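One structure below.
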Amino acid sequence: MNVLTISKIRDGTVIDHIPAGKALEVLKILGIKSGSRERVSMAMNVESKKMGRKDIVKVEGKFISDEELNRIALIAPKATINIVKDFEISRKFRVSIPQRVEGILRCPNQNCISNDPKEPATSEFRVEELNGDVVAWCVFCGKKVYDVEKYLV
């Protein structure tokens, strides 16, 4: 039997039930990249009874913001968040897909007013989950976006 062991964190955030292969996108959303000083544990494609395979991210000393939560919900709508304080889970919850997002996604329609640098329009999308996938509609031009992670700003 293979056992995965990742050490506990004192204070920080654990993001579980990330779809397999999307942990790197979560790190990008959290602003963690090469040269970052945060203590991070990441497991990709680990076995999961519910999901088959999943990814897990633990970040010491970082408490997730609402904007980061919305971004993560767009690419991992079934993710769970554990806020850890002094080695104990102080809060555990599942992300929820926001109904609307502003300034988080870029519209793929090059002619959309939100892509015109001369216009003061900030991108805005209506978001829904359809058949397990997150789908976003541009409020300005109606363009539908299925692969949301490609258009995260």
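Just so you know, these numbers use all the heavy atoms, side chains as well, and skip hydrogens, waters and symmetry mates. The structure displayed is predicted, hence computed values, not measured ones.
In this structure, NZ in K92 is found 5.5 Å from OG1 in T80, a value given to the nearest 0.5 Å. A distance of 12.5 Å separates NZ in K22 from NZ in K28, rounded to the nearest 0.5 Å. Between R71 atom CZ and I29 atom CD1 the span is 7.0 Å, to the nearest 0.5 Å. In this structure, E67 CD and I72 CD1 are separated by 11.0 Å, a value rounded to the nearest 0.5 Å. Separation of atoms CD1 (I113) and SG (C107) is listed at 11.5 Å; rounding is to 0.5 Å. Atom CZ of F87 is separated from atom CG of D11 by 8.0 Å, given to the nearest 0.5 angstrom.
Residues I18 and I9 do not share a hydrophobic cluster, clusters being chains of Ile/Leu/Val/Met/Phe/Trp/Tyr side chains in contact below 4.5 Å. Both I81 and I97 sit in one connected hydrophobic cluster of ILVMFWY residues. Membership requires side-chain heavy atoms under 4.5 Å apart, directly or through other members. Both V148 and V26 belong to a single network of hydrophobic side chains, linked directly or stepwise wherever heavy atoms of I, L, V, M, F, W or Y lie under 4.5 Å apart. Hydrophobic cluster membership is shared by V59 and M44, with clusters built from Ile, Leu, Val, Met, Phe, Trp and Tyr side chains linked at under 4.5 angstrom. A single hydrophobic cluster is not seen to contain both V139 and V145; linkage of ILVMFWY side chains at heavy-atom distances under 4.5 Å, directly or through other members, places them apart.
When side chains are defined from C-beta on, S114 does not count as touching K143, because their heavy atoms never get closer than 4.5 Å. For the pair L24/M42, a side-chain contact is recorded, criterion being any heavy-atom separation below 4.5 Å from C-beta on. Contact of the K85 side chain with the F63 side chain is registered, since non-hydrogen atoms from C-beta on lie closer than 4.5 Å. A heavy-atom distance below 4.5 Å is not found between the side chains of F125 and L74. Looking at heavy atoms from C-beta onward, V135 lies out of side-chain contact with V127 at the 4.5 angstrom threshold.
A distance-only check finds a donor-acceptor pair linking the side chain of N115 to the backbone of N109 [under 3.5 Å].
Pairing each heavy atom of L69 with each of V95, the nearest pair is CD2-CG1, 4.0 Å. Nearest heavy-atom pair, A136 versus L105, reported as atom, atom and distance to 0.1 Å: CB-CD1, 3.8 Å. In plain terms, the two heavy atoms of N45 and D55 that are nearest each other are N-OD1, 2.8 Å. The two atoms that bring Y151 and P108 nearest to each other are CE2-CB, 3.4 Å, heavy atoms only. In terms of heavy-atom proximity, I15 sits nearest to A79 at CG2-CB, 4.2 Å. Closest approach of F140 to A121, counting heavy atoms only: CZ-CB, 4.1 Å.
Within 6.0 Å of the OH atom in Y146, the count of heavy atoms belonging to other residues, nucleotides or ligands does not exceed 12. Counting heavy atoms of neighbouring residues, nucleotides and ligands inside a 6.0 Å radius, atom CZ of R126 exceeds 12 of them. Under a cut-off of 6.0 angstrom, the local environment of CD in E47 is sparse, with at most 12 non-hydrogen atoms contributed by other residues, nucleotides or ligands. Within 6.0 Å of NZ in K62 there are more than 12 heavy atoms belonging to other residues, nucleotides or ligands.
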Inset, instruction - Please lay out, stage by stage, how R94 and K78 fare under the test side chain to side chain contact (heavy atoms under 4.5 Å, CB included). - result: CA-CA 7 Å; R94 181 179 242 178; K78 307 244 184 285; 3.9 Å; yes
Inset, instruction - Kindly determine whether E60 and R10 satisfy salt bridge (Lys or Arg N to Asp or Glu O under 4.0 Å), including the steps that lead there. - result: CA-CA 7 Å; E60 178 86 40; R10 174 181 285 277; 5.7 Å; no
Inset, instruction - Go through the steps for V134 and I75 under the test side chain to side chain contact (heavy atoms under 4.5 Å, CB included), then give the verdict. - result: CA-CA 7 Å; V134 175; I75 66 164; over 6 Å; no
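A side-chain contact (heavy atoms from CB on, under 4.5 Å) with L30 is found for one member of V40, I64, T13 and no other, namely I64.
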